[in-house]
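Structure, as structure tokens:
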Amino acid sequence: VLMVTDLPRLLVLDSSGRRVLHDIDLGSESVLRSTSSGAMTDSLHEPVLQIISESEFDLSIGGQFFRCRDTELGAEDWIEKIVEARERALLGRQTASSCAAGSVRT
């Protein structure tokens, strides 16, 4: 079970949805970088998000591999949501850095 949170984090839960197996910080610098082929890669240039079929996609982060399937939402929508959460996290961090830098007085 996958869950994208507002923190933004991607939680990998057990099949019952009650226990967190992995907590992935989508705001981390080393997670989800885009390549020219459209695949998402991590800092080691491994594929991170890959569409397998309309309902299935692979998620590989930090040496962990997950085959994910959602017959209602679909693979493309999941990848879009993960990428959007990542972009919001980076934008929020850049804005916070700019504000902090702007508030320094000499």
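Computed from heavy atoms alone, side chains included, the values below leave out hydrogens, waters and symmetry copies. All values reported here derive from a predicted model rather than from experimental measurement.
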Can you tell if the side chain of Glu80 reaches within under 4.5 Å of the side chain of Glu84, non-hydrogen atoms only?
yes
From Asp23 CG over to Thr5 OG1, what is the distance, rounded to the nearest 0.5 angstrom?
7.5 Å
From SG (Cys68) to CG (Leu49), nearest 0.5 Å
8.5 Å
Within a strict 4.5 Å, meaning less than it, do heavy atoms of the Ser55 and Asp70 side chains meet?
no
Value for CD (Glu76) from CZ (Phe57), rounded to nearest 0.5 Å, stands at 12.0 Å
Rounded distance [0.5 Å steps], CG in Leu13 versus CE in Met3:
5.0 Å
Return yes if some donor-acceptor pair links the side-chain N/O of Asp14 with the main-chain N/O of Arg18 below 3.5 Å, else return no.
yes
Contact check, side chains of Val4 and Trp78, non-hydrogen atoms, under 4.5 Å:
yes
Residue pair Leu10 / Leu59, side-chain heavy-atom distance below 4.5 Å:
yes
Can you tell me how far CD1 of Ile24 sits from CZ of Arg86, rounded to the nearest 0.5 angstrom?
12.0 Å
Verify side-chain contact (heavy atoms from CB on, under 4.5 Å) between His22 and Phe66, making sure each step is shown before the conclusion.
CA-CA 11 Å; His22 299 280; Phe66 306 95; 3.2 Å; yes
Same apolar cluster (I L V M F W Y, side chains within < 4.5 Å links), Ile79/Leu73:
yes
Any donor-acceptor pair under 3.5 Å from Asp58 side chain to Gln50 backbone
no
Please say whether more than 12 non-hydrogen atoms of neighbouring residues, nucleotides or ligands are located less than 6.0 Å from CD in Glu54.
no
If you group Ile, Leu, Val, Met, Phe, Trp and Tyr by side-chain heavy-atom gaps below 4.5 Å, do Ile52 and Ile82 land in one group?
no
Under a 4.5 Å side-chain heavy-atom rule over Ile, Leu, Val, Met, Phe, Trp and Tyr, are Leu11 and Val1 clustered together?
yes
Rounded to the nearest 0.5 Å, what separation is found between the CZ atom of Arg69 and the OG atom of Ser53?
8.5 Å
Any donor-acceptor pair under 3.5 Å from Asp6 side chain to Pro8 backbone:
no
